[in-house]
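Following: one structure in structure tokens, then a few remarks.
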Amino acid sequence: MAIERTFSILKPDATRRNLTGAINALIEKAGLRIVAQKRVQITRAQAETFYAVHKERPFFGELVETMIGGPVVVQVLEGEDAIRKYRDVLGATDPSKAAPGTIRKEFALSVGENSAHGSDAPETAAIEIAQWFSGNEIVG
Ligand code: RTP
Ligand code: MG
């Protein structure tokens, strides 16, 4: 399996409850390396662009409001099979359906406040990483 990079966001519900370290511990325990990380306040325009794939969905407005409701931590994670592995560590979108030990089972409050995002494919990972980090901010 190739070494990959994926993009992660620790969402406002996680920063608000001071859970970024606890989530990072699960990320690192899974064998993923945090090769870039910064805390930012996302603008409305950035949130709308980031989740543009969902713009026709009924939850889009609520999703944007939630993502701009407080600071987030954006990250690049590196490791073997990183995209799939991080999706496994995140668990199901709905925390009530997430497996024990996953980030969303352990920490998420609801579908809307589900603590973290992970890219879903190599193409989206590349786009999302480039949207948030310049090359010299990523140190593998
Ligand atoms: P993410 O993109 O944040 O990693 O989450 P995901 O792939 O597991 O789920 P996705 O289908 O991409 O949905 C993006 C985010 O929208 C919110 N959502 N709300 N109310 C609802 O039915 C609903 N469905 C999705 C979630 O916060 C989800 O993470
Ligand atoms: Mg998604």
Side-chain angles (χ1 to χ4, degrees):
M1 219 355 125
I3 299 293
E4 284 180 337
R5 286 177 175 173
T6 192
F7 179 72
S8 163
I9 303 178
L10 309 186
K11 296 184 180 184
D13 72 273
T15 62
R16 186 175 75 236
R17 291 177 292 149
N18 219 18
L19 289 172
T20 62
I23 294 173
N24 280 349
L26 291 186
I27 289 170
E28 291 181 335
K29 198 172 84 173
L32 294 165
R33 189 174 294 274
I34 301 164
V35 295
Q37 176 169 256
K38 60 190 174 189
R39 184 175 170 102
V40 294
Q41 173 64 53
I42 296 187
T43 66
R44 182 176 298 277
Q46 285 172 324
E48 288 172 352
T49 300
F50 186 77
Y51 279 120
V53 67
H54 295 311
K55 66 175 181 295
E56 306 302 334
R57 308 284 286 276
F59 59 79
F60 182 69
E62 192 185 319
L63 174 58
V64 169
E65 292 301 330
T66 302
M67 291 303 291
I68 67 175
V72 301
V73 174
V74 292
Q75 305 175 309
V76 180
L77 310 181
E78 186 177 83
E80 250 183 44
D81 200 14
I83 296 165
R84 188 199 55 78
K85 187 178 281 182
Y86 189 44
R87 296 286 295 192
D88 288 348
V89 175
L90 282 174
T93 308
D94 178 349
S96 72
K97 298 187 178 124
T102 61
I103 289 168
R104 285 167 171 168
K105 183 65 176 186
E106 299 305 314
F107 301 117
L109 298 172
S110 63
V111 179
E113 291 193 304
N114 61 1
S115 301
H117 158 82
S119 306
D120 56 15
E123 300 72 30
T124 47
I127 291 166
E128 291 171 2
I129 290 169
Q131 199 176 338
W132 291 99
F133 290 98
S134 58
N136 64 5
E137 291 179 303
I138 306 168
V139 185

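Counting convention: from 1, in listed order, for ligands and their atoms alike.
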- Message: Taking 4.0 angstrom as the limit and counting only heavy atoms of Gly112, give me the atoms of ligand 1 inside it, by number and element.
- Response: 27 (O)

- Task: Check each atom of ligand 1 against the heavy atoms of Tyr51 and keep those under 4.0 Å away; list them by number with element.
- Result: 1 (P), 2 (O), 3 (O), 14 (C)

- Task: Check step by step if side-chain contact (heavy atoms from CB on, under 4.5 Å) holds for Leu77 and Lys85.
- Result: CA-CA 10 Å; Leu77 310 181; Lys85 187 178 281 182; over 6 Å; no

- Item | Stepwise side-chain contact (heavy atoms from CB on, under 4.5 Å) check, Leu90 with His117 | CA-CA 8 Å; Leu90 282 174; His117 158 82; 5.9 Å; no

- Quick one: look up the protein heavy atom nearest atom 29 (O) of ligand 1 and list residue, atom name and how far away it is. Asn114 ND2, 2.8 Å

- Task: Give the atoms of ligand 1, by number and element, whose distance to some non-hydrogen atom of Arg104 is under 4.0 Å.
- Result: 1 (P), 3 (O), 4 (O), 5 (O), 8 (O), 29 (O)

- Message: Suppose we measure from atom 10 (P) of ligand 1 to each protein heavy atom; which comes out shortest, and what is that distance?
- Response: His54 NE2, 3.4 Å

- Message: Taking the side chain as everything from C-beta on, heavy atoms only, tell me whether Pro71 gets closer than 4.5 Å to Gln41.
- Response: yes

- Proximal ligand 1 atoms for Gly118, defined as those under 4.0 Å from one of its heavy atoms: 4 (O)

- Query: Under a 4.5 Å side-chain heavy-atom rule over Ile, Leu, Val, Met, Phe, Trp and Tyr, are Val89 and Val72 clustered together?
  - Reply: no

- Query: Above 12 or not: heavy atoms from other molecules or residues under 6.0 Å from NZ of Lys38?
  - Reply: yes

- Plane angle bin for Phe7 and Trp132 - parallel if under 30°, tilted between 30 and 60°, otherwise perpendicular: parallel

- Message: Among all protein heavy atoms in this structure, tell me which lies nearest to atom 1 (P) of ligand 1, with the distance rounded to 0.1 Å.
- Response: His117 ND1, 3.1 Å

- atom 21 (C) of ligand 1 [closest protein heavy-atom partner, distance rounded to 0.1 Å]: Phe59 CD2, 3.6 Å

- Determine whether any heavy atom of Lys11 lies closer than 4.0 Å to an atom of ligand 1. yes

- Out of Val53, Leu63, Thr93, Thr124, the nearest non-hydrogen contact to atom 16 (O) of ligand 1 is supplied by Leu63

- Message: So, 4.0 Å and heavy atoms of Arg87: is ligand 1 close enough to count as a contact?
- Response: yes

- Query: When you look at CD of Gln131, are more than 12 heavy atoms from neighbouring residues, nucleotides or ligands closer to it than 6.0 Å?
  - Reply: yes

- Query: Would you call Lys105 and Lys97 a side-chain contact if the rule is heavy atoms closer than 4.5 Å?
  - Reply: no

- Query: Is Val111 touching ligand 1 with its side chain, its backbone, both, or neither, if touching means heavy atoms under 4.0 Å apart?
  - Reply: both

- Any N/O of Ala116 closer than 3.5 Å to an N/O of ligand 1? no

- Any ion pair linking Glu113 and Arg16 (charged N to carboxylate O, less than 4.0 Å)? yes

